[in-house]
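One structure below.
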2 protein chains.
Amino acid sequence: MNGTTPRRRGRPPRTEAAGTRDRILTAAREEFSARGYEKTSVRGIAKAAGVDPALVHHYFGSKEQVFEAAVEVAFAPALNASDAVADGPPDGVGERLTRFVLGVWENPATRTPLLAIVRSAVNNDTAAAVFRRLIAAQLMRRIAAPLDLPDAELRAELAAAQLVGTAMLRYVIRLEPLASADLEQLVARLAPVVQHHLTAA
Amino acid sequence: MNGTTPRRRGRPPRTEAAGTRDRILTAAREEFSARGYEKTSVRGIAKAAGVDPALVHHYFGSKEQVFEAAVEVAFAPALNASDAVADGPPDGVGERLTRFVLGVWENPATRTPLLAIVRSAVNNDTAAAVFRRLIAAQLMRRIAAPLDLPDAELRAELAAAQLVGTAMLRYVIRLEPLASADLEQLVARLAPVVQHHLTAA
DNA sequence: GTCTATAGGTAGATAGAC
DNA sequence: GTCTATCTACCTATAGAC
């Protein structure tokens with residue numbers, strides 16, 4: 001251990017500044033989600049956080065490392081909730097998965113890092129890898145595996161495609177009337193389709 | 001030898017240079033599709049086309065106008081083929097739409113401008129508007145309207161979401177095994193779902 | 001029609017003072 | 001820990017020579 005290394009993952013609490021690191025992280029999430037990776041600048045993050053641009057480099061190193069730290073939080077709900085989706089009667093997995101995905105997109109706290117990932121994943125290899133990990137790692141392993149059907153992975157990915165596409169058009173592209181549609185109406189239409197992908201012959 | 005190429009859209013037919021304009025346009029499509037709007041530079045386009053950067057401005061004005069000219073070609077197949085999708089027996093519209101969308105994504109000539117639009121639409125309002133226009137204008141009007149069902153527009157958009165999401169994961173994010181899946185297998189799994197969105201109770 | 005030169009900005013990153 | 005100052009690199013766009 002040395003006293004000056006800023007390379008950290010979680011956040012070993014130090015006697016350091018009053019939440020400066022967290023303020024940068026929050027601002028970074030905001031900026032990345034609103035503008036995507038390329039259009040976001042370290043200077044813009046610093047300004048939004050009310051700190052000096054040099055501090056961003058001081059705490060995180062490079063812009064890419066700021067991004068990784070900023071979107072890391074998107075994994076927390078995914079990890080926690082994949083249990084809730086996988087558990088329960090098999091014929092309800094479509095609705096549970098649909099509600100979960102739309103839920104994290106409706107919640108502003110989790111929507112922000114998700115927007116950051118999507119806005120960045122299409123143009124940035126690092127972000128695309130994060131996206132793949134996010135979809136594949138838990139969703140596939142916990143939901144596709146128990147299906148015990150041929151093409152289980154492909155099935156799960158096509159179900160994910162329905163939900164990813166819906167999120168794209170509703171939350172990113174903001175296509176009407178989908179963008180303003182009632183949540184329950186969406187669940188009613190999407191859940192059977194997701195269920196069909198996962199379990200139908 | 002063809003004298004003046006007929007490949008001109010919205011440009012006053014002048015006696016100008018050989019294929020310089022077209023070379024720029026082709027290079028622009030390549031660059032925008034590979035890097036997205038923000039990361040693509042006018043200088044990069046010029047270098048790929050083997051011309052001077054100032055010529056790009058000379059022919060198109062601004063970077064945004066280059067982009068619009070570059071993706072304009074994506075509308076041609078959409079306009080032409082929406083007839084083929086709309087015509088025919090109603091219970092086959094799901095498969096016809098699925099085959100059409102996957103078809104334009106499989107064809108390198110049409111995939112390139114589509115990638116440019118998708119890579120740019122998530123971060124750029126101009127590109128997002130192009131995307132909305134591309135989905136809404138023809139697909140919705142020609143396919144949703146004849147359905148004569150309640151929520152016809154929403155139905156059509158959720159069907160589009162399935163196909164957009166599939167394209168995202170397969171062609172942009174390159175998620176396996178979806179990215180390498182056989183085309184006919186995809187049609188077999190997707191067509192019934194698209195059909196369900198469009199016509200089922 | 002094509003290119004040189006340059007204006008006028010913004011970017012990521014670093015060194016070193018306090 | 002925090003900030004000032006700066007380096008280097010690249011960008012869009014334009015004016016004007018050939």
Side-chain angles (χ1 to χ4, degrees), chain A residues 1-8 11-28 31-32 34-70 119-120 123-127, chain B residues 3-5 7-8 11-25 27-28 31-32 34-70 119-120 123-127:
Chain A
M1 305 254 253
N2 57 59
T4 54
T5 300
R7 272 218 29 93
R8 289 174 303 180
R11 183 183 313 169
R14 230 167 184 293
T15 54
E16 76 200 6
T20 301
R21 202 189 123 98
D22 281 345
R23 301 227 319 283
I24 293 174
L25 220 43
T26 302
E31 294 285 306
F32 280 126
R35 281 182 260 283
Y37 184 84
E38 308 300 338
K39 230 175 173 175
T40 295
S41 69
V42 172
R43 292 163 133 95
I45 294 171
K47 184 181 240 182
V51 304
D52 191 277
L55 280 182
V56 179
H57 286 109
H58 175 68
Y59 280 115
F60 297 96
S62 70
K63 177 182 175 180
E64 198 158 69
Q65 288 173 292
V66 182
F67 177 78
E68 285 178 6
R119 287 226 153 94
S120 306
N123 294 313
N124 182 277
D125 285 341
T126 305
Chain B
T4 43
T5 165
R7 205 58 179 77
R8 206 140 303 142
R11 261 294 175 277
R14 293 237 177 80
T15 56
E16 71 204 7
T20 304
R21 201 188 123 98
D22 281 344
R23 300 228 318 285
I24 293 173
L25 221 41
E31 294 285 306
F32 281 124
R35 279 181 261 284
Y37 184 85
E38 309 299 338
K39 226 176 175 174
T40 295
S41 70
V42 173
R43 290 158 131 95
I45 294 170
K47 184 182 242 179
V51 304
D52 190 277
L55 280 183
V56 180
H57 287 109
H58 175 69
Y59 280 115
F60 297 96
S62 70
K63 176 182 176 181
E64 198 157 68
Q65 288 172 292
V66 182
F67 177 77
E68 287 178 6
R119 288 227 153 94
S120 306
N123 293 313
N124 182 276
D125 285 341
T126 304

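Computed from a predicted model, the values in this text were never measured in an experiment. Numbered from 1 within each chain, the chains take letters A, B, ... in sequence-line order.
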So do Asn123(A) and Glu38(B) actually touch side chain to side chain, heavy atoms under 4.5 Å?
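No; the side chains remain at least 4.5 Å from each other.
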Would you say [X] places a side-chain N or O within less than 4.0 Å of OP1 or OP2 belonging to [N]?
X        : N       : result
Tyr59(A) : dG1(D)  : no
Thr20(A) : dT2(D)  : yes
Ser41(B) : dC10(D) : no

Value in whole Å for how far the [atom2] atom of [N] lies from [atom1] of [X]:
X        : N       : atom1 : atom2 : value
Arg35(B) : dC10(D) : CZ    : P     : 14 Å
Glu38(A) : dC11(D) : CD    : C1'   : 14 Å
Glu64(B) : dC11(D) : CD    : P     : 18 Å
Leu55(A) : dA5(D)  : CG    : C1'   : 15 Å
His57(B) : dA7(C)  : NE2   : P     : 17 Å
Phe60(A) : dA13(C) : CZ    : P     : 14 Å

Could you tell me whether the side chain of Arg35(B) and the main chain of Thr40(B) form a donor-acceptor pair under 3.5 Å?
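No: the side chain of Arg35(B) does not pair with the backbone of Thr40(B).
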In terms of relative ring orientation, are Phe67(A) and Tyr37(A) parallel, tilted or perpendicular, with 30° and 60° separating the classes?
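Perpendicular.
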Ignoring the backbone of Ala54(B), work out which of dA15(C), dT6(D), dT4(C) is nearest its side chain.
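Nearest nucleotide to the side chain: dT4(C).
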Could you check Asp52(B) against Thr40(A) and say which one's nearest nucleotide on DNA chain C is further toward the 5' end?
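So the residue in question is Asp52(B).
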Heavy-atom closest contact (Pro53(A) atom, Val42(A) atom, distance):
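Of all heavy-atom pairs spanning Pro53(A) and Val42(A), the closest is O-CG1, 4.0 Å.
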